[in-house]
Peer 1: 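Sending over a structure as structure tokens; questions will come in a sec.
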Amino acid sequence: MNQEQLIHLHNEIQIVIDAMAVKEFKTANNKLVKISDEIDDLLDTTKDDKFLVELSKYQVLLKHLQVKLNSAE
């Protein structure tokens, strides 16, 4: 199940990156907020240390994308 969730997060983040590439900043921001909420929920409910490490990597990536998004708008 954890691997499926990571693949889902990867695909969702790719949608954000693609939206930013075509300058659809509102779409990217809305999706970014949704993904952030999903990651927060997963962080709150999981006890698997390896999965937590992977989620933290996605969290860092989201923060980086948020900074890029804010500077692009």
Side-chain angles (χ1 to χ4, degrees):
M1 179 79 168
N2 291 346
Q3 188 65 28
E4 291 173 12
Q5 290 170 320
L6 290 175
I7 291 170
H8 170 72
L9 287 174
H10 177 83
N11 292 336
E12 294 292 302
I13 289 173
Q14 187 61 51
I15 292 170
V16 171
I17 293 168
D18 292 344
M20 290 172 67
V22 295
K23 300 188 185 316
E24 292 178 5
F25 300 123
K26 185 174 181 177
T27 302
N29 190 54
N30 291 341
K31 187 64 116 172
L32 202 130
V33 169
K34 181 182 173 210
I35 298 167
S36 182
D37 290 343
E38 286 181 36
I39 290 175
D40 288 343
D41 290 343
L42 290 170
L43 286 170
D44 290 342
T45 58
T46 191
K47 295 180 181 177
D48 181 358
D49 288 339
K50 290 180 183 179
F51 189 55
L52 286 171
V53 169
E54 291 302 313
L55 287 174
S56 68
K57 292 176 186 177
Y58 282 99
Q59 236 180 355
V60 170
L61 177 58
L62 283 181
K63 289 180 194 278
H64 178 71
L65 289 173
Q66 186 66 50
V67 168
K68 291 290 187 184
L69 188 59
N70 288 340
S71 68
E73 289 183 299

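Bear in mind the structure is a predicted one, so any value in this text is a computation, not a measurement.
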Peer 1: For residues 46-55, please give each side-chain donor-acceptor pair under 3.5 Å, one per line with the distance, not counting sequence neighbours.
Peer 2:
from  : atom 1 : to    : atom 2 : distance (Å)
Thr46 : OG1    : Asp48 : N      : 3.3
Asp48 : OD1    : Lys50 : N      : 3.2
Asp48 : OD2    : Asn2  : ND2    : 3.1
Glu54 : OE2    : Lys57 : NZ     : 3.0

Peer 1: For residues 9-24, which side-chain N or O atoms pair as donor and acceptor with protein atoms under 3.5 Å away, sequence neighbours left out?
Peer 2:
from  : atom 1 : to    : atom 2 : distance (Å)
Asn11 : ND2    : Ile7  : O      : 3.3
Glu12 : OE1    : Lys31 : NZ     : 2.6
Gln14 : NE2    : Asp18 : OD1    : 2.9

Peer 1: Roughly how far apart are Leu42 CG and Asp37 CG, rounded to 0.5 Å?
Peer 2: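 Separation between the atoms: 11.0 Å.
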Peer 1: Rounded to the nearest 0.5 Å, what separates atom NZ in Lys26 from atom CG in Leu69?
Peer 2: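 Reported to 0.5 Å precision, the distance equals 13.0 Å.
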Peer 1: Are Leu43 and Val33 in one and the same hydrophobic cluster, where Ile, Leu, Val, Met, Phe, Trp and Tyr link if side-chain heavy atoms are under 4.5 Å apart?
Peer 2: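 Different hydrophobic clusters.
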Peer 1: Who pairs with Lys34 by side chain to side chain donor-acceptor pair (under 3.5 Å), at least two apart in sequence or on another chain?
Peer 2: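 Not a single residue meets the side chain to side chain donor-acceptor pair (under 3.5 Å) criterion with Lys34.
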Peer 1: Give, for atom CG of Asp41 and atom OG of Ser36, the distance between the pair rounded to the nearest 0.5 Å.
Peer 2: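 So the gap between those two atoms works out to 9.5 Å.
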Peer 1: Which distance, rounded to the nearest 0.5 Å, do you find between the CG of Leu61 and the CG of Leu32?
Peer 2: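 These two atoms lie 8.5 Å from each other.
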Peer 1: Step by step, work out the side-chain contact (heavy atoms from CB on, under 4.5 Å) result for Ile35 and Tyr58.
Peer 2: CA-CA 10 Å; Ile35 298 167; Tyr58 282 99; over 6 Å; no
